[in-house]
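One structure is given here, and the rest of the page talks about it.
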Protein chains: 2
Amino acid sequence: MPHTRRQAVTIKHVAAEAGVSLQTVSRVINNEPNVRPQVQERVHAAVAKLGYVPSLAARRLGGSRSYLILALNDRDRTIDGWRSGEGTDWVDQMLLGGMLKCAEHGYRMIFELVDTHSAHVEREIMAALSSLRPDGVILTPPHGDNPTITELLTRQHIPFARIGSVGDGAGFSISMDDAHAAEVATAHLIALGHRRVGFITGSDEYALSGARLEGWRKAMRAAGRDDSEELIGRGDFTFDSGIAAATALVSLADPATAIVASNDQMALAALHVAEARGLAVPRDLSIVSFDNTPVARFSVPPLTAIAQPIAAMTARAAELLIEAKQGKPDPDAPSVLPFELVVRASTGPCDG
Amino acid sequence: MPHTRRQAVTIKHVAAEAGVSLQTVSRVINNEPNVRPQVQERVHAAVAKLGYVPSLAARRLGGSRSYLILALNDRDRTIDGWRSGEGTDWVDQMLLGGMLKCAEHGYRMIFELVDTHSAHVEREIMAALSSLRPDGVILTPPHGDNPTITELLTRQHIPFARIGSVGDGAGFSISMDDAHAAEVATAHLIALGHRRVGFITGSDEYALSGARLEGWRKAMRAAGRDDSEELIGRGDFTFDSGIAAATALVSLADPATAIVASNDQMALAALHVAEARGLAVPRDLSIVSFDNTPVARFSVPPLTAIAQPIAAMTARAAELLIEAKQGKPDPDAPSVLPFELVVRASTGPCDG
DNA sequence: CTGAAAGCGCTAACAT
DNA sequence: ATGTTAGCGCTTTCAG
């Protein structure tokens with residue numbers, strides 16, 4: 001095995017080639033001021049000629065930046081999604097938005113799974129922070145709502161972005177308007193003539209669950225419809241909880257003719273309940289879901305759904321974190337990105 | 001902004017706490033010999049007490065290992081998959097297998113997109129190598145079959161693994177038995193009574209495309225069936241190419257009653273052609289696909305498919321690369337991992 | 001079995 | 001506007 005310890009071409013080689021000092025090369029590659037255009041030119045030429053690319057490790061060790069953004073996802077949920085092979089593409093959309101945005105700025109995104117529920121969250125995260133020293137951290141739901149995590153990051157003075165977490169507090173809040181999305185979904189059903197629109201909530205562990213419920217309430221009230229508790233099914237994002245909630249909603253004395261489910265899995269459960277009960281979708285029961293994961297388009301019928309801008313949110317998160325390290329002032333408002341209601345075949349006029 | 005340059009707890013602190021030299025701590029955390037159990041004990045205690053975790057950057061800079069495995073995927077194909085939102089979960093399965101295996105060994109997997117077709121592949125890859133100095137590289141199809149890439153890595157003396165690339169040559173070859181899988185898929189159809197089984201190939205850019213075709217041939221011949229050119233549709237993994245190929249196969253004077261498609265997209269195209277022609281699936285046309293991405297289970301009818309062990313292959317790749325750095329001898333045979341034929345509703349008895 | 005010294009490639013702080 | 005110096009936190013030599 002050859003000596004792989006030494007790097008082929010280092011800043012020294014570039015400095016020699018351009019006939020300047022190390023420092024000047026460093027200044028040029030970091031776009032710092034106080035270098036004459038002519039010297040810049042020469043350095044750039046040397047860089048190109050030698051194919052020089054700075055060592056991430058050396059930059060991190062010598063300087064105050066690591067050029068690393070750490071994305072933290074929930075371990076169990078993520079692994080379950082992967083194992084199921086059902087195409088929950090949260091991670092893919094994050095990579096699409098986050099990795100590409102990082103690359104634009106010469107940063108890299110590193111992906112890590114941590115267990116929100118574990119007593120060792122702190123230790124797990126501290127280990128990642130110590131090892132990597134990332135310039136910023138992206139928290140995905142439900143991590144952004146976990147005070148143990150946000151406080152740890154605050155204490156460590158590491159900038160972080162909370163995706164899908166709407167409360168204010170430390171860190172950038174990046175979300176879509178969940179309440180408004182639920183309102184739009186519900187209004188869509190009301191406009192189709194539905195009077196009894198049920199709602200299936202997500203897990204309380206997620207702040208957005210409450211926001212979505214509020215949106216449904218607002219739309220129902222605005223239309224003068226009943227928004228009493230019996231129309232609210234308590235779910236936790238799992239298929240099974242969707243079955244229970246949907247069953248209750250269609251079993252009411254005055255049953256729901258439409259359901260808004262807080263994610264695709266629970267909407268699929270509603271579809272399943274409809275079939276078991278001999279209810280045609282959308283004729284007898286209309287369904288709208290949240291998330292718009294790939295299954296939404298392949299179910300029978302395909303689901304009308306609220307699409308979350310996951311890629312856009314992650315890209316924005318990366319951007320804010322990178323700018324924060326560059327000393328740009330924080331934005332004065334939370335970033336709220338546009339969602340989309342994708343209308344498919346699971347919603348139709350009320351038959352009742 | 002506080003001074004974030006200094007690490008909270010370094011090897012020095014551990015050494016002081018344990019009353020030994022830096023070196024001894026280093027030996028202990030790297031499981032090197034020549035440390036008395038008693039001293040090890042003390043060091044471990046100090047590590048635990050202080051919550052010490054070594055800095056990746058410093059390890060890479062000081063030593064000869066980076067504890068980084070770089071996974072290289074095809075840029076266009078990957079981004080298209082993400083944007084389409086159709087749930088191609090190649091990347092997820094890679095992360096499932098690769099990230100978790102890396103984590104087991106204290107390594108990290110970094111994910112990077114490079115454009116196989118670009119004239120700048122070399123530059124793109126060299127940039128990643130210079131910046132990261134990974135201990136190993138995982139090439140996914142079609143990178144493993146691209147000599148520009150494999151030669152570059154060989155020249156740089158960086159261990160690499162080729163996933164889904166069967167030729168021998170430098171680097172670990174990790175694959176499933178594509179030929180045998182095609183044979184099993186074809187035999188499944190023959191056993192159902194099909195005589196005219198068509199085959200839709202993948203792009204020639206992928207070595208596995210040829211292997212799959214050979215498997216089909218072998219099964220057809222073994223059963224005494226016609227394996228002439230007219231039963232072979234040339235595809236390139238795209239939906240459109242699948243439409244053309246499937247159309248030709250069902251339009252033969254003696255039409256195919258079953259089709260093996262080299263991926264799910266082309267199988268969906270065959271499904272589409274069947275519907276347009278008024279052919280019921282599986283009654284009039286049976287279809288088997290390769291890949292078993294999430295769409296395969298959500299199509300109507302769901303597709304019988306060959307499932308690739310992507311997670312297992314990536315895990316194996318990571319394992320071999322890590323062992324290579326640790327000086328373990330290379331395995332004498334390529335790693336061939338088991339595939340699975342998942343039987344769903346798109347295949348049935350021949351009606352002809 | 002253990003320790004001391006040197007240096008990895010870069011940036012920060014301080015000259016000039 | 002540029003160069004010099006001193007580390008960053010670790011591993012690799014080399015001495016004991």
Side-chain angles (χ1 to χ4, degrees), chain A residues 1 3-16 18-43 47 50 52-68 106 129-133 135 325-327, chain B residues 1-16 18-43 47 50 52-68 106 129-133 135 325-326:
Chain A
M1 181 106 10
H3 280 286
T4 172
R5 190 176 180 200
R6 309 184 81 84
Q7 187 147 319
V9 28
T10 75
I11 199 171
K12 266 189 185 165
H13 302 124
V14 178
V20 296
S21 72
L22 294 193
Q23 201 37 244
T24 301
V25 176
S26 178
R27 286 193 180 99
V28 172
I29 63 179
N30 290 300
N31 275 317
E32 278 166 27
N34 300 338
V35 183
R36 270 181 313 174
Q38 190 193 334
V39 177
Q40 274 191 41
E41 227 19 55
R42 255 193 302 149
V43 172
V47 166
L50 302 177
Y52 168 73
V53 179
S55 154
L56 240 207
R59 282 184 126 177
R60 142 75 187 95
L61 207 56
S64 52
R65 288 186 300 177
S66 63
Y67 296 90
L68 251 31
L129 296 182
S130 306
S131 173
L132 261 16
R133 306 249 116 204
D135 288 343
K325 262 292 172 185
Q326 290 170 348
Chain B
M1 180 113 2
H3 281 286
T4 171
R5 192 174 180 202
R6 308 184 82 85
Q7 187 147 319
V9 29
T10 74
I11 198 171
K12 267 188 186 166
H13 302 124
V14 178
V20 296
S21 72
L22 294 192
Q23 204 31 245
T24 301
V25 177
S26 178
R27 286 192 181 99
V28 172
I29 62 179
N30 291 300
N31 275 315
E32 277 166 28
N34 300 338
V35 183
R36 271 180 312 174
Q38 190 192 337
V39 176
Q40 276 192 38
E41 217 34 42
R42 255 193 301 150
V43 172
V47 166
L50 302 177
Y52 169 73
V53 179
S55 154
L56 241 207
R59 281 184 127 178
R60 143 74 188 96
L61 206 55
S64 53
R65 287 187 301 178
S66 64
Y67 297 90
L68 250 30
L129 296 182
S130 307
S131 173
L132 261 16
R133 305 250 117 203
D135 288 344
K325 262 294 172 183
Q326 291 171 348

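Letters A, B, ... mirror the listed sequences (proteins, then strands); counts begin at 1.
- Taking 4.0 angstrom as the limit, B/Ser64 places a side-chain polar atom (N or O) nearer than this to OP1 or OP2 of D/dT12.
- Side chain of A/Arg42 to main chain of A/Ala18: a donor-acceptor pair is present (N/O by atom type, distance under 3.5 Å, no hydrogens or angles).
- Rounded to the nearest 0.5 angstrom, B/Gln7 CD and A/Leu61 CG are separated by 9.0 Å.
- Comparing A/Ala8 and A/Glu32 along DNA chain C, the residue whose closest nucleotide (by nearest heavy atom) sits nearer the 5' end is A/Ala8.
- The phosphate of D/dG3 (OP1 or OP2) has a side-chain N or O of A/Thr24 nearer than 4.0 angstrom.
- Take the nearest nucleotide of DNA chain D for B/Ser55 and for B/Arg27: the residue whose nucleotide is more 5' is B/Ser55.
- Rounded to whole angstrom, the span from the CG atom of A/Leu56 across to the C1' atom of C/dC10 amounts to 11 Å.
- Residue B/Ser26 places at least one side-chain N or O closer than 4.0 Å to OP1 or OP2 of D/dT11.
- Here C/dA5 presents its C1' atom at 11 Å from CG of B/Leu22, a figure rounded to the nearest Å.
- Inter-residue side-chain proximity for B/Ile11 and B/Ser26 is flagged as met; some heavy-atom pair is nearer than 4.5 Å.
- Distance check: B/Arg65 CZ to B/Lys325 NZ gives 8.5 Å after rounding to the nearest 0.5 Å.
- Under 4.0 angstrom from either OP1 or OP2 of C/dC10 there lies no side-chain N or O belonging to A/Arg59.
- Within a 6.0 Å radius of CD in B/Glu41, other residues, nucleotides and ligands contribute 12 heavy atoms or fewer.
- In this structure, B/Asn30 places its CG atom 5 Å from P of D/dT11, rounding to the nearest Å.
- Residue contacts shown for A/Pro54 are limited to sugar-phosphate atoms, with no base heavy atom under 4.0 Å away.
- Donor-acceptor pairing under 3.5 Å, judged by distance alone, is absent between the side chain of A/Gln23 and the base of C/dT11.
- Rounded to an integer number of Å, the gap from B/Ile11 CD1 to C/dG3 C1' is 13 Å.
- The side chain of B/Val39 has C/dT2 as its nearest neighbour among D/dG9, C/dT2, C/dA12.
- Proximity of B/Tyr67 to the phosphate of D/dC10: no side-chain N or O atom is located under 4.0 Å from OP1 or OP2.
- A side-chain contact (heavy atoms from CB on, under 4.5 Å) with A/Val25 holds for exactly one of A/Asn30, A/Thr10, A/Val20; it is A/Val20.
- When rounded to the nearest whole Å, the span between CG of B/Leu61 and C1' of C/dA6 equals 13 Å.
- For the pair B/Arg42 CZ and C/dT2 P, the computed distance is 9 Å after rounding to whole Å.
- For the pair B/Ala58 and B/Pro33, nearest-nucleotide mapping onto DNA chain C gives the more 5' position to B/Pro33.
- Distance, A/Asn34 CG to C/dA15 P: 17 Å, rounded to whole Å.
- For D/dA1, neither phosphate oxygen OP1 nor OP2 lies less than 4.0 angstrom from any side-chain nitrogen or oxygen of A/Arg36.
- Note: CZ (B/Arg60) to P (C/dG9) measures 7 Å, nearest angstrom.
- The side chain of B/Thr10 places no N or O atom within less than 4.0 Å of a non-bridging phosphate oxygen (OP1 or OP2) of D/dG9.
- Distances from the side chain of B/Gln7 to the nucleotides D/dT4, C/dT2, D/dC10 place D/dC10 closest.
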